[in-house]
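Beneath this line is the structure, given in structure tokens, with notes to follow.
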There are 2 protein chains.
Amino acid sequence: MKIGELARRSGLTAHTIRYYERIGLLPYADRDRSSRRDYDASILTWIEFLGRLKTTGMPIRDMLLYAELRDRGSGTEAERRALLERHRESVRAHVDELNACLLVLDTKIGGYAETEQRMKDYDATLPERRRKPVGARSTRTR
Amino acid sequence: MKIGELARRSGLTAHTIRYYERIGLLPYADRDRSSRRDYDASILTWIEFLGRLKTTGMPIRDMLLYAELRDRGSGTEAERRALLERHRESVRAHVDELNACLLVLDTKIGGYAETEQRMKDYDATLPERRRKPVGARSTRTR
DNA sequence: TCTTGACTTAGAGCGCGCTCAAACTCGTAG
DNA sequence: CTACGAGTTTGAGCGCGCTCTAAGTCAAGA
């Protein structure tokens with residue numbers, strides 16, 4: 001698979017794929033005889049996983065650390081696991097924080113809802129003027 | 001309250017507070033006769049709210065939009081509410097995404113746990129060599 | 001043969017959100 | 001009186017994660 005297809009299939013741009021390779025987040029890809037990158041479909045699994053780390057806010061430098069451990073292969077499992085576990089905890093903490101913020105947001109939005117309700121209540125006390133357009137006996141009442 | 005104290009109480013740095021004022025996220029603060037910012041405690045509420053927006057990933061440009069609506073005062077409530085509701089939805093979506101990633105992370109970590117378990121099982125089949133240090137009859141057994 | 005377009009490289013540039021530096025002014029304690 | 005510490009301004013610089021440019025190579029189709 002060429003870089004263009006990988007881009008399409010991974011959701012990254014070709015630019016980003018090259019950038020990731022440059023910094024070591026993706027392995028140095030095999031090239032065909034005209035120096036073009038030729039990918040195996042298995043790279044998609046790795047990119048997808050990197051995407052999850054990214055989504056969950058892991059900085060690239062930590063992904064790099066993980067990638068390096070992975071490259072070093074067996075004997076690094078405990079360290080990789082520890083890294084992921086630390087990350088998992090930070091994600092959990094962040095989710096909790098977000099949920100707390102959501103509550104505040106709900107309250108705030110509720111406040112605006114009340115304001116709007118008060119406005120409606122107030123509107124409801126207004127004289128006919130505001131209701132005029134609704135008018136009965138209009139020739140356009142269907 | 002001077003900027004130093006506000007910094008301490010808000011968790012922002014004085015630099016950041018000035019920066020926020022410069023870009024319009026914080027109102028132009030009253031100055032004392034020697035041009036120093038003098039804050040009312042009420043600013044803390046606003047800073048805290050901005051913090052929640054920030055925590056939940058709202059870009060500064062959107063906070064600015066909200067801040068401007070707020071400055072314009074009444075008549076902008078519906079728009080402010082809509083802005084917060086849109087944001088709330090995006091936060092909820094993000095939380096869902098994070099939770100999905102957490103599941104993947106759990107699986108991945110579980111994979112490492114199994115590897116380690118297999119290693120332990122393997123270790124358990126090893127001859128005494130590995131158990132030696134536990135040895136009874138040691139002179140140092142208290 | 002010529003053109004097209006997908007690819008290559010090294011390196012510059014960008015948007016974001018700060019963060020800091022330089023040079024200055026004050027008010028107060030010793 | 002002087003030294004200190006906390007403040008002021010404008011503007012430059014930084015770390016992150018891309019994103020794009022320029023100039024070139026190559027293979028396949030008209």
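A, B, ... follow the sequence lines: proteins, then strands. Residue 1 opens every chain.
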Using the side-chain heavy atoms of [X], tell me which of these nucleotides is nearest: [options].
X: A:Arg37; options: D:dT9, D:dT19, C:dT8; answer: C:dT8
X: B:Thr16; options: D:dG17, C:dT19, C:dT8; answer: C:dT19
X: B:Arg31; options: D:dT21, C:dC18, D:dT8; answer: D:dT8
X: B:Tyr20; options: C:dC18, C:dT8, D:dC20; answer: C:dC18

Pair B:Arg80-B:Thr76, side-chain donor/acceptor within less than 3.5 Å:
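Note: B:Arg80 and B:Thr76 side chains meet the donor-acceptor criterion.
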Output yes when A:Arg52 and A:Glu48 qualify as a salt bridge under the 4.0 Å nitrogen-oxygen rule, no when they do not.
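Between A:Glu48 and A:Arg52 there is a salt bridge, with a charged N closer than 4.0 Å to a carboxylate O.
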Carboxylate-amine/guanidinium contact B:Glu89 B:Arg92, below 4.0 Å
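So B:Glu89 pairs with B:Arg92 through a salt bridge.
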Geometric class of the A:Tyr66/A:Phe49 ring pair [parallel <30°, tilted 30-60°, perpendicular >60°]
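Tilted: the ring planes of A:Phe49 and A:Tyr66 meet at 30° to 60°.
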Output the rounded distance in Å from [atom1] ([X]) to [atom2] ([N]).
X: A:Ile47; N: D:dG17; atom1: CD1; atom2: C1'; value: 16 Å
X: B:Ile23; N: D:dG11; atom1: CD1; atom2: P; value: 17 Å
X: B:Leu25; N: C:dG17; atom1: CG; atom2: P; value: 10 Å
X: A:Arg36; N: D:dA28; atom1: CZ; atom2: C1'; value: 11 Å
X: A:Tyr19; N: C:dC14; atom1: OH; atom2: C1'; value: 13 Å
X: B:Leu12; N: C:dT19; atom1: CG; atom2: C1'; value: 13 Å
X: B:Asp38; N: C:dC26; atom1: CG; atom2: P; value: 17 Å
X: B:Ile60; N: D:dC16; atom1: CD1; atom2: C1'; value: 15 Å

Please tell me which of B:Lys2 and B:Arg22 maps to the more 5' nucleotide of DNA chain D, matching each residue to the nucleotide holding its nearest heavy atom.
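Its nearest nucleotide being more 5', the pick is B:Lys2.
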5'-most by nearest nucleotide on DNA chain C - A:Ser34 or B:Arg61
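It is A:Ser34, whose closest nucleotide lies nearer the 5' terminus.
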When rounded to the nearest 0.5 angstrom, what distance separates OG1 in A:Thr56 from NE2 in A:His87?
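One finds 2.5 Å between OG1 of A:Thr56 and NE2 of A:His87.
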Remember a base hit wins even if backbone is also touched, and classify B:Arg18 as base, sugar-phosphate or nothing at under 4.0 Å, heavy atoms.
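The answer is base, as B:Arg18 lies within the cut-off (heavy atoms under 4.0 Å) of a base atom.
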A:Lys54 side-chain N/O to D:dG17 phosphate OP1/OP2 under 4.0 Å:
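Checking A:Lys54 against D:dG17: no side-chain N or O falls below 4.0 Å of OP1 or OP2.
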